[in-house]
Amino acid sequence: MHILLVAGAFNSLTQRVHAELTARGHAVAVETVADGEAIRTAVRRHRPGLVLAPMLKAAIPREVFTAHTCLVVHPGPPGDRGPSSLDWAIAGGARRWGVTVLEAEAEMDAGRVWAWAPCPLPERGKSDLYRGEIADAALTAVHLAVERFASGAHTPTRQDDPALGAGVCVRPGMRQADRRLDWHRHTTADVLRILRAADSQPGVRDTLLGAEWFLHGGHPEYGLRGRPGTLLAVRAGAVCRATADGAVWLPVLRERRTDGRRGIALPAVTALGDRLPDLPEEPVPLAQEAPPGPGAHGDPDARTAWSDIRYREQGAAGFLQFSFPGGAMSTAHCRRLLDAYRYACTRPTRVLVLGPARDFFSNGIHLGVIEAAADPAAESWANIEAMNDLVRAVLTTTDRLTVAALCGNAAAGGVMLALAADEVWCRRGVVLNPHYRLMGLPGSEYWTATLPRRVGPHTARDLTERALPVGADPAHRIGLVDRVLETSPQGFAAETAARAARTAGSAETERRIGAKKSDLEAREARRPLADHRAEELAAMRAVFDDPGAPYHALRAAFVRKEAPPAGAPQPRFAARAPAAGDGEASPRRPSTEAHRPV
């Protein structure tokens, strides 16, 4: 089927929908649209058999949804309506939620239901849930809706149909007034719920040290106490702030600007800069003992002190877990992670697993910290050097088997960090973007050594030049990943731990470890890693030091969420003319047959 995706941005969900529908054999076009006129133009250009909107803020014009079946993905169960559905669910402490694929009509979110899927809502941030449980449910519902549409025999269900077992609930857009924090009255649980409902967008507006900020994300603190609202300590770039009954760690702040431009989301300590008073550093041990019971074995909800990097062991398997906001890795992140990696390599393990318990693996260098630096070119260079040092350490480890475990997405240098490991395991639902071109960069992190070795030179060139997202199953087929795990985001850490323990006890693992040193020496004899690094970094340095290079404008637009500059590089979707019979506007095809249950 010829499907047109219309979206406000080519975001994580849109990328996953594109990747999975393409993998199922559909011809999928993508258009990012800002308004109804752009939607009209896109539909005229593509003449699709079906219009699908995974993430859309603009209303679909009447002349479009009356001529074509247009399906909208709504992050709420049947009957739920409004632009802040997930925000209200998280803020209200909902533990079960759902995603609905409904038909576009004049009233927003009021169309008939083509499919829906339920999902749990663990206590996680909105963006984490959106890329995890919500995305999983969305794809389940999307695939079912597309199958039903293709059958031509399905009649969608009205939202007030008793068969759906839900009433209609229209929720208003959540405003900053609804997110207001009262540090003297709100408990730690209250504060975390409010922060999690806005962690990436739009953030929670608050006053701190005489300035207004948007707070993005938060983590509980179980020991420190102080006068509510005061700052207590710093750790790993975050600041700790007292609540009515405890404290929370605030990892990311974004300055509220008055000049009309969006501020840059930065590590809290970096954002506060000279405003920050002299606070004690409150480090925690890299290796913390998880409490006994359900929280053990890497459960992200385990009641341990918050840290963005931690290490643990289970038998002969070591687990180096890291979790950086948005998957962005600054120079400081890379250096601290390299120190932790070196420590992990001193431990008597046979398998070392790298990656967060859930959400992003890594998206490479921290464009926000670079943009905010006094000298962005110099910070770009420092950051890419630090990333390369980390990747090289993984590539040259020969005394144990290394595994990159991806519960969430990865892009650019983050993909190359994963490819430095001996094996790459990823959860089904992960989307990989193994390219740099969209940011105007030639690429680094030894990609010229690792990517062609895994997928072959032709496929490596195709992946980097077309700059398209790759789903888990296609990535497995081409050799980009070694194992796809069928598990929920919450179950990923336990599943990875169990597999790592089995791998550590395998005779095959012993054989592979024994061969690693000679394999590395053979590759070094053919072409040393130092040559790859020198060639890649020379090209990167030329871009960093050129004020007119597109990278600088692309980076500035990206971190401020502005429209990219004219002529910005775009993904190269496959050109495809509609086949006979599937390019016409699809008439509505009501059926007199009984519909399948949603």
Side-chain angles (χ1 to χ4, degrees), residues 1-7 13-14 16-31 33 39-40 42-56 59-74 77-79 98-118 137-166 471 473 573-574 576-598:
M1 188 190 309
H2 182 34
I3 301 172
L4 171 63
L5 304 185
V6 290
L13 180 59
T14 306
R16 184 170 168 187
V17 171
H18 172 270
E20 292 200 16
L21 289 178
T22 300
R24 292 192 174 204
H26 298 288
V28 185
V30 181
E31 291 277 355
V33 294
I39 296 173
R40 292 187 190 93
V43 171
R44 284 196 297 267
R45 179 185 300 120
H46 293 279
R47 296 185 297 128
L50 175 67
V51 178
L52 180 61
M55 190 284 291
L56 186 64
I60 297 177
R62 176 177 292 275
E63 60 266 39
V64 173
F65 68 69
T66 53
H68 299 257
T69 297
C70 300
L71 303 184
V72 176
V73 178
H74 175 71
V99 178
T100 307
V101 176
L102 49 86
E103 196 167 317
E105 61 176 54
E107 185 179 351
M108 294 291 283
D109 303 330
R112 295 181 298 171
V113 174
W114 278 79
W116 85 281
L139 268 295
T140 297
V142 163
H143 289 314
L144 180 55
V146 169
E147 290 171 7
R148 287 172 168 175
F149 174 77
S151 75
H154 178 75
T155 300
T157 309
R158 290 176 53 88
Q159 292 186 23
D160 57 4
D161 190 313
L164 290 176
D473 287 332
F573 297 103
R576 189 259 191 199
D582 74 351
E584 300 301 320
S586 294
R588 298 181 177 276
R589 293 176 289 185
S591 171
T592 56
E593 299 178 26
H595 63 265
R596 292 160 57 192
V598 176

Within this structure, what is the OG1-CH2 distance for the pair Thr140 and Trp116, rounded to the nearest 0.5 Å? 11.5 Å
Output the distance between atom CG (Leu5) and atom CG (Leu50), rounded to the nearest 0.5 Å. 9.0 Å
Side chain to side chain contact (heavy atoms under 4.5 Å, CB included) partners of [X], counting only residues at least two apart:
| X | result |
| --- | --- |
| Ala19 | none |
| Thr22 | His18, Val28 |
| Arg40 | Glu37, Arg44, Pro61, Glu63, Val64 |
| Asp473 | Arg428, Arg477, Val484 |

Residue pair [X] / [Y]: nearest heavy atoms and the distance that separates them:
| X | Y | answer |
| --- | --- | --- |
| Thr100 | Pro77 | OG1-C, 3.1 Å |
| Phe149 | Gly49 | CZ-O, 3.3 Å |
| Val99 | Ala141 | O-CB, 4.1 Å |
| Ala59 | Ile39 | O-CD1, 3.7 Å |
| Ala145 | Val101 | CB-CG1, 3.7 Å |
| Ile3 | Pro48 | C-CB, 4.5 Å |

[Y] and [X], any side-chain heavy atoms less than 4.5 Å apart:
| X | Y | value |
| --- | --- | --- |
| Val73 | Val17 | no |
| Val146 | His26 | yes |
| Leu52 | Leu21 | yes |
| Arg112 | Thr157 | no |

Keeping [X] on the side-chain end and [Y] on the backbone end, is there a donor-acceptor pair under 3.5 Å?
| X | Y | value |
| --- | --- | --- |
| Glu105 | Arg62 | no |
| Gln159 | Val113 | no |
| Arg148 | Ala153 | no |

With His74, which residues qualify under ring-ring contact (aromatic ring centres under 6.0 Å, His included), at least two apart? none
Report the C-alpha distance between Thr69 and Val51 in whole Å, list the side-chain angles of each, state the deciding distance to 0.1 Å, and finish with yes or no for side-chain contact (heavy atoms from CB on, under 4.5 Å). CA-CA 6 Å; Thr69 297; Val51 178; over 6 Å; no
According to side chain to side chain donor-acceptor pair (under 3.5 Å), who are the partners of Glu31, at least two apart in sequence or on a separate chain? Arg45, His46
Could you please spell out the steps behind the side-chain contact (heavy atoms from CB on, under 4.5 Å) verdict for Arg24 and Glu147? CA-CA 11 Å; Arg24 292 192 174 204; Glu147 290 171 7; 3.5 Å; yes
Pair Leu139, Leu13 - check side-chain contact (heavy atoms from CB on, under 4.5 Å), show working. CA-CA 9 Å; Leu139 268 295; Leu13 180 59; 3.8 Å; yes
Hey, mind stepping through Glu20 and Arg16 against salt bridge (charged side-chain N to carboxylate O under 4.0 Å, His left out) and telling me if it holds? CA-CA 6 Å; Glu20 292 200 16; Arg16 184 170 168 187; 2.9 Å; yes
Which is it for Leu102 and Leu71 under the side-chain contact (heavy atoms from CB on, under 4.5 Å) test, yes or no, and what are the steps along the way? CA-CA 5 Å; Leu102 49 86; Leu71 303 184; over 6 Å; no
